[in-house]
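Letters A, B, ... are given to chains in the order of the sequence lines, protein chains preceding strands, and every chain is numbered from 1.
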2 protein chains.
Amino acid sequence: MAVSARDVARMAGVSVSTVSRTLARPDQVAPETRDKVVAAARALGYRANPAARSLITGQTGTLGLVVPDLENPYFTSVTKGVQKRAQAAGYALLVADSDEHSGQEAELVRNMASRVDGTVLCSPRASDDVIAGLAQEFRLVLVNRRVGDIPAITVDNADGVRQALHHLRALGHGRVAYVGGPRDSWSHGERLAAFRSIGAELDLDLVELGNFRPYVSGGVAAADILIASGATAVLAYNDLLALGLLERLRQRGVRVPEDLSVVGVDNVPVAALTSPALTSVEVPRMESGRAAVDLLLAEVREGVHTAGATQDLSVQLVVRGSTGTPAAAGGAAVRHPAGVVTT
Amino acid sequence: MAVSARDVARMAGVSVSTVSRTLARPDQVAPETRDKVVAAARALGYRANPAARSLITGQTGTLGLVVPDLENPYFTSVTKGVQKRAQAAGYALLVADSDEHSGQEAELVRNMASRVDGTVLCSPRASDDVIAGLAQEFRLVLVNRRVGDIPAITVDNADGVRQALHHLRALGHGRVAYVGGPRDSWSHGERLAAFRSIGAELDLDLVELGNFRPYVSGGVAAADILIASGATAVLAYNDLLALGLLERLRQRGVRVPEDLSVVGVDNVPVAALTSPALTSVEVPRMESGRAAVDLLLAEVREGVHTAGATQDLSVQLVVRGSTGTPAAAGGAAVRHPAGVVTT
DNA sequence: CTGAAAGCGCTAACAC
DNA sequence: GTGTTAGCGCTTTCAG
């Protein structure tokens, strides 16, 4: 067994409660007593047993995180952000992966609930009802999802789509496609809605290609449909999909950006590495994680449900090689001169 | 407060110990009592408090994982493997990231030690002494590191390098460079040693380019030195480095694979997405994580230190577009006809 | 300022 | 088969 407070107490010649008090509120203890205790604790390498502490305080000193897929570089970054912030605040981090399976999310949250002081639920695919139920039972912060007034961190999806479409429009594209993500993804819903409304505003000829799994393979699957659609530009739900598109387009001999322009979302690190490099809407990945932890800790510490405390982070289009002016090929001619400011 | 065993006991009309027993060893309880208890537990949504349980059993039902960098796709995959296996075994997973800082590793392990039943320490950069000390104090399984007879999962680095060099040799390359990873990385040491010995065996003209941080930026930094070295082929410590090489080589107008062949290690998913796609030594990423958990659980369950229980996983070169026969350009002529079998 | 006492929720002997 | 008892290691009143 590890060294306990009793060992420290014995060595320092004080009682267990003094040991506890010394570590919790050093100022309420006589300086010399404190020194003795601290010395003994250090000598023995004492670390308070978190289980025993939890039992009495009701706090675990641990936070939870549930993501759809750890291998998706977007979630990887969010995870890193959450981890760093939690660590900085002295909290440990429990991580679970739902494998893009909406049914598992609630179960995972429930499983970790008794081990954590609060949970960050990132990009959940579960229904509003399920999430609302969870939030009622446990301390929850959502990322990339809005459900009632549950505290949440989101990004300005509509603005990202706006930047992308204005950019494509400015380049002269007339017919633009959207390769959708998971049907149950809230972000997908937001992006699709923005695609429709902003595309209409810009008088763009829109084509929706359907829903695809948010992996490279999804993009590969969507590419042929895209080619057949006659669009000269495409916005993908995320970079993984866009990367899959790029891959298959190359196979099919469709040149990017000469024949077709591609824009992704997330600006994951690998987007810069393909050739041509992928143009993408950068979203603050780590920052979302950090902000979520801040929200969670604010609640934990104040013990209150800071209802409605949310944050909508801004995004920024990063233009790289994969967007360009439509060529003669299958391309629509430039119908409107470029002149739209893309902020 | 959540519902406790006492609530269940009261509702079922039994004692607390019967509740506990019913959940732990249902067969040692009368069927009808069991039914009552189970019904009550379900009705109340009872979940045993893990802190209270830990306190008495000394087990936490949680495993720990420490990696150098969550954003490195290699570690991401290991993490996913660890998470999946832990989850499958009914364990929660605590994750910490040392940010490639060797000094932090011991601290992170210590911090989580009291919250977990054991820790997977992946690719640690710390010294043997530090790690040996840690292992003496806590239950530890190493990944990509061998220290004494601490249980460990490794991959056959020498064989990977062998496959890569034989492949390059078969293609006719005579002068081959190695772009090293972190000096403190055990895998780097293994790969470098194999590069030297196998390179010598093959009568290759070897050039060592030094140590670089295992990121894309490291590869970018190494590329110019590589070009100046006159090598016609290069093996990089890992794919991130290789990707950085590819990026900078393109900028410099060096054609891959015509002028220079590049081989990476890990075969991370993005290796397939560049053009030309990266040839890489595939290592079992998730599998390493799963195997590590299996080792850990074996110890936890048997309570014994299965000293020396280790596993060396095999690897496999994946040949893609980025390796080819050296061209006239800066290239050494084919000095030995290709004829080496690359297994 | 410090110690004694009570108990967090659970499990594990030990009786019955 | 089931209840009673005694803690696990810690924090926290409450006395002194």
Would you say the side-chain atoms of [X] pair up with the backbone N or O of [Y], donor to acceptor, closer than 3.5 Å?
{"X": "B/Thr60", "Y": "B/Asp117", "result": "yes"}
{"X": "B/Asp99", "Y": "B/His101", "result": "no"}
{"X": "A/Glu105", "Y": "A/Ala126", "result": "yes"}

Nucleotide [N], atom [atom2] - distance to [atom1] of [X] in whole Å:
{"X": "B/Arg25", "N": "D/dG1", "atom1": "CZ", "atom2": "C1'", "value": "13 Å"}
{"X": "A/Arg53", "N": "D/dG9", "atom1": "CZ", "atom2": "C1'", "value": "11 Å"}
{"X": "A/Asn49", "N": "C/dG9", "atom1": "CG", "atom2": "C1'", "value": "14 Å"}
{"X": "B/Tyr46", "N": "C/dG9", "atom1": "OH", "atom2": "C1'", "value": "7 Å"}
{"X": "B/Asp35", "N": "D/dG1", "atom1": "CG", "atom2": "P", "value": "14 Å"}
{"X": "B/Arg47", "N": "C/dT11", "atom1": "CZ", "atom2": "C1'", "value": "19 Å"}

*asked:* Once rounded to the nearest 0.5 Å, what's the spacing between atom CD of A/Gln87 and atom CG of A/Leu93?
replied: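 So the CD of A/Gln87 and the CG of A/Leu93 are separated by 9.0 Å.
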_Would you compute the distance between atom NZ of A/Lys36 and atom CZ of A/Arg34 and round it to the nearest 0.5 angstrom?_
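CZ of A/Arg34 is found 13.0 Å from NZ of A/Lys36.
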_Reading DNA chain D from 5' onward, which residue's closest nucleotide shows up sooner: B/Thr33 or B/Leu55?_
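Result of the comparison: B/Thr33.
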*With axes from five pairs an end, tell me the bend angle of the helix from C/dC1-D/dG16 to C/dC16-D/dG1, nearest 10°.*
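What I find for the helix from C/dC1-D/dG16 to C/dC16-D/dG1 is an axis angle of 40°.
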*asked:* Using side-chain heavy atoms (C-beta onward) and a distance below 4.5 Å, is A/Asp97 in contact with A/Asp69?
replied: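 With C-beta onward as the side chain, the pair touches.
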_Are the side chains of B/Leu63 and B/Val120 in contact, using a 4.5 Å heavy-atom criterion?_
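A side-chain contact is absent here, since even the closest heavy-atom pair is not under 4.5 Å.
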*asked:* Please tell me whether A/Thr18 and A/Ser15 have a donor and an acceptor in their side chains that are separated by less than 3.5 angstrom.
replied: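 A/Thr18 vs A/Ser15: donor-acceptor pair found between side chains.
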*Contact list for DNA chain C against residues 12-23 of chain A - heavy-atom distance below 4.0 Å*: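 Heavy-atom contacts with DNA chain C come from A/Val14, A/Ser15, A/Ser17, A/Thr18, A/Arg21.
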